[in-house]
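When a ligand or atom number is given, it counts from 1 through the structure's own listing order. Worth knowing before you read on, the calculation uses all heavy atoms, side chains too, and leaves out hydrogens, waters and symmetry mates.
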Amino acid sequence: MDSYRLAQYSVQVPCFICEGGNSFDAEVCRHCQAPMALAHQANMRKTAPQLVATIGSADAGKTVYLGMLTDMLSRASDDLQLLARGAFSVSLQQLTMSALANCEFPDKTPNEPDRWNWIHCQVRSAKKRNPTELIMPDLSGEAILEEVDHPHTYPVIRAFLSKCSGVLILVDAVRLMEGEKDQDFFAMKMLTYLCELDDDPKKGWPSRPISIILTKADQCETCFDDASEFARKHAPGLWQHCNQRFGKTQFFAAGVAGACAFQMELGGPRQVPLRVEPRGVIEPFRWMVHQIGQ
Ligand SMILES: Nc1nc2c(ncn2[C@@H]2O[C@H](COP(=O)(O)OP(=O)(O)O)[C@@H](O)[C@H]2O)c(=O)[nH]1
Ligand SMILES: [Mg+2]
Ligand SMILES: [Zn+2]
């Protein structure tokens with residue numbers, strides 16, 4: 001019995017994200033801390049899942065967006081449908097939707113990679129015969145910035161972004177409109193980092209789909225009228241980068257709340273959603289699924 005178990009330990013299972021070897025019963029990869037469930041599930045299927053990243057600064061709205069998107073698609077009668085693979089893939093949806101149901105936004109995403117929520121899912125589209133298998137983690141904005149500023153501090157982010165088929169970049173539209181330059185700089189840094197990972201004109205980031213989502217558009221209506229024009233005006237650096245260096249980019253506006261209020265708390269005022277009224281949530285994702293399916 002013992003020798004049988006030892007034999008099992010000698011077989012290394014490669015991590016799906018960084019390809020480092022792990023023992024068969026490891027829960028998270030010992031090299032990059034991505035969940036090993038991704039590798040076990042991918043091994044069970046014929047087609048390898050594609051990776052899609054959602055990146056943006058801390059507070060840009062990544063957690064709310066991804067939680068809402070998965071919730072809408074998992075019960076939608078829309079032309080897109082999402083089926084979660086593995087119970088862990090439902091956690092982000094659950095955490096976001098239970099916060100919103102209590103008129104709160106979800107808590108800040110922890111910086112430790114072993115505490116991030118990952119979604120492995122199958123996406124079916126009415127327009128396509130074959131479903132798409134996708135892996136999408138909810139990364140922490142601070143960890144992304146740390147990796148961009150000091151490459152190799154977060155190996156999981158580096159390995160993941162190198163393998164991604166496409167990326168959703170979330171930019172806070174309210175902060176852009178208020179003239180905060182950081183949102184523009186952060187997005188430009190992200191694009192530069194992606195090009196440094198792989199700038200091959202045919203296979204690298206210059207030719208992979210990039211969807212730029214202006215978030216919290218419920219708080220600034222003009223975004224919905226023309227997202228690209230809004231970006232050109234308020235995030236000129238990002239807009240120009242997209243047009244000059246990347247072949248497949250598209251701007252979108254999205255908002256999850258219908259109205260918000262500020263609640264006074266010990267740490268300062270905290271924004272709470274009074275109504276949940278998602279707009280523009282599915283469109284950027286539909287575009288992405290279409291692009292990576294080609
Ligand atoms: N008005 C509005 N506020 C939002 C929306 N999404 C997020 N927020 C606000 O932005 C904060 C950060 O959102 P979160 O998704 O946690 O950002 P993350 O750090 O990028 O994951 C929330 O606590 C809300 O205050 C939205 O769709 N509309
Ligand atoms: Mg988050
Ligand atoms: Zn790994």
Is atom CD of E27 surrounded by more than 12 heavy atoms (other residues, nucleotides or ligands) closer than 6.0 Å? no
Which residue holds the protein heavy atom closest to atom 12 (C) of ligand 1, what is that atom called, and what is the gap in Å? D59 OD1, 3.2 Å
Decide whether the shortest distance between a heavy atom of D218 and an atom of ligand 1 is less than 4.0 Å. yes
Flag the pair E178 and R175 as a salt bridge only when some basic side-chain nitrogen lies within less than 4.0 angstrom of an acidic carboxylate oxygen. no
Show which atoms of ligand 1 fall inside a sub-4.0 Å distance from at least one heavy-atom site of Q271. 3 (N), 9 (C), 24 (C), 25 (O)
Per-atom contacts of ligand 1 with C260, taking only distances under 4.0 Å to non-hydrogen atoms: 1 (N)
For atom 15 (O) of ligand 1, grab the closest protein heavy atom and report residue, atom and distance to one decimal in Å. V64 N, 2.9 Å
State plainly whether the residues K62 and D138 are in salt-bridge range, i.e. N to O under 4.0 Å. no
Which protein non-hydrogen atom lies closest to atom 17 (O) of ligand 1, naming both residue and atom, and how far is it? G61 N, 3.0 Å
Identify, for atom 16 (O) of ligand 1, the protein heavy atom at the shortest distance, and state residue, atom and that distance. T63 CB, 4.0 Å
Counting from 1 in the order shown, the ligand 1 atoms closer than 4.0 Å to a non-hydrogen atom of Q219 are 1 (N)
Applying a 4.0 Å heavy-atom criterion (strictly less than), which segment of S57 is in contact with ligand 1: side chain, backbone, both, or neither? backbone
Atom 5 (C) of ligand 1: which protein heavy atom is closest, and how many Å away? K216 CG, 3.7 Å
protein heavy-atom neighbour closest to atom 23 (O) of ligand 1 works out as F105 CB, 3.4 Å
Using the ring of F224 (Phe, Tyr or Trp, six-membered ring only), decide whether R279 places NZ or CZ under 6.0 Å from its centre and within 45 degrees of its axis. yes
Taking C-beta and beyond as the side chain, do L38 and I17 meet within less than 4.5 Å on heavy atoms? yes
Any atom of ligand 1 sitting under 4.0 Å from a heavy atom of G141? no
Which ligand 1 atoms, with their elements, are less than 4.0 angstrom from a heavy-atom of V256? 26 (C), 27 (O)
How are the rings of W118 and F160 set relative to one another: parallel (under 30°), tilted (30 to 60°) or perpendicular (over 60°)? perpendicular
Side-chain touch Q250/Q291, heavy atoms, less than 4.5 angstrom: no
Non-hydrogen atoms of M264 and P269 that approach each other most closely: SD-CB, 3.9 Å
Please work out the angle at the Mg ion (ligand 2) defined by atom OG1 of T109 on one side and atom OG1 of T63 on the other, rounded to 10°. 90°
Under a plain distance cut-off of 3.5 Å, with no hydrogens placed, do Q93 and T70 share a side-chain donor-acceptor pair? no
Go through E112 and R115 one step at a time and tell me if the salt bridge (charged side-chain N to carboxylate O under 4.0 Å, His left out) criterion holds. CA-CA 6 Å; E112 301 83 6; R115 295 176 62 197; 3.3 Å; yes
Does the gap between the ring centers of F230 and W239 come in under 6.0 Å? no
What protein N/O/S atoms sit under 2.8 Å from the Zn ion (ligand 3), by chain and number? C15 SG, C18 SG, C29 SG, C32 SG
Minimum heavy-atom separation for A253 and A227, please, with both atom names. N-CB, 3.9 Å
For Y65, is the NZ or CZ atom of K216 found under 6.0 angstrom from the centre of its six-membered ring and inside 45 degrees of the ring axis? no
What atoms of ligand 1 come within less than 4.0 Å of a heavy atom belonging to G255? 27 (O)
